[in-house]
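What follows is a short report on a single structure.
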Amino acid sequence: MRCSCGALFLFFALSVPVWAQNRWNGTYYNRENQVTLRLHLDEAALDVPGYAFLGKVRGYMNGGIYNIWLLTDFSERKGVLTLRMSNDSGSDTQQIQLEQLSDSLFSYRATGGNEVRKAVGRKLVKIPAAFTLTRR
């Protein structure tokens, strides 16, 4: 039986998107702070709830926090994902580092100060600068 090189190339070319899918894509959640982080780093494919006019984005964070935080930039180095987030009004930015601890557990660490807040009673207070997220 003889295999055509063209057919073999076509098979591998069509398989690459499955192999190349970013391992960070997914939904992450922290119950204590009620924070949800959604990422799709391969392409802008996520709709931000209540912000359809923005079009598709690569990531956002919402939940029990004040405002929605949008992913503006990201990089990965030595197994650590660095996210640059901006709140929906553009007035605050936050750099976050994600590191995988196990199959479904990740560490969240705000670097350069923590700007993400949540409403507690009638006050806005900063969420912890470090906590764990579970991949859903």
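Both backbone and side-chain heavy atoms feed into the values below; hydrogens, waters and symmetry mates do not.
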Between [X] (side chain) and [Y] (backbone), is there a donor-acceptor pair under 3.5 Å?
X    : Y    : result
R38  : L46  : no
N62  : V35  : no
Q100 : S102 : yes
K126 : E115 : no

Kindly indicate whether the side chain of [X], heavy atoms from C-beta on, has any atom under 4.5 Å from the side chain of [Y].
X   : Y    : result
E32 : F131 : no
Q97 : L81  : no
L39 : L98  : yes
L41 : L71  : yes
N87 : I68  : no
D92 : R117 : yes
W69 : D88  : no

Under 6.0 Å between ring centres: does that hold for Y108 and F106?
no
Whether the Q94 and R84 side chains hold a donor-acceptor pair (N or O, under 3.5 Å, no angle test) is what I'd like checked.
no
Does a side chain donor of either N30 or N33 reach within less than 3.5 Å of an acceptor in the other side chain?
yes
Kindly work out whether a path of hydrophobic side-chain contacts (I/L/V/M/F/W/Y, heavy atoms less than 4.5 Å apart) joins [X] to [Y].
X    : Y    : result
Y28  : V116 : yes
L105 : L133 : no
M61  : L70  : no

Atom [atom1] in [X], atom [atom2] in [Y]: separation rounded to 0.5 Å?
X    : Y    : atom1 : atom2 : value
K118 : N67  : NZ    : CG    : 15.5 Å
L37  : I96  : CG    : CD1   : 6.5 Å
L124 : I65  : CG    : CD1   : 11.5 Å
T132 : R109 : OG1   : CZ    : 14.5 Å

Heavy-atom closest pair (R58 atom, F74 atom, distance to 0.1 Å) is CD-CE2, 3.9 Å
Could you walk me through whether T72 and M85 satisfy the side-chain contact (heavy atoms from CB on, under 4.5 Å) test, starting with their C-alpha distance in whole Å, then the side-chain angles of each, then the deciding distance to 0.1 Å, before giving a yes or no?
CA-CA 6 Å; T72 58; M85 310 287 284; 6.0 Å; no
Does this structure show an ion pair linking E76 with R23, if we count only N-O contacts that are shorter than 4.0 Å?
yes
Cation over ring, R136 on Y29, under 6.0 Å and within 45°?
yes
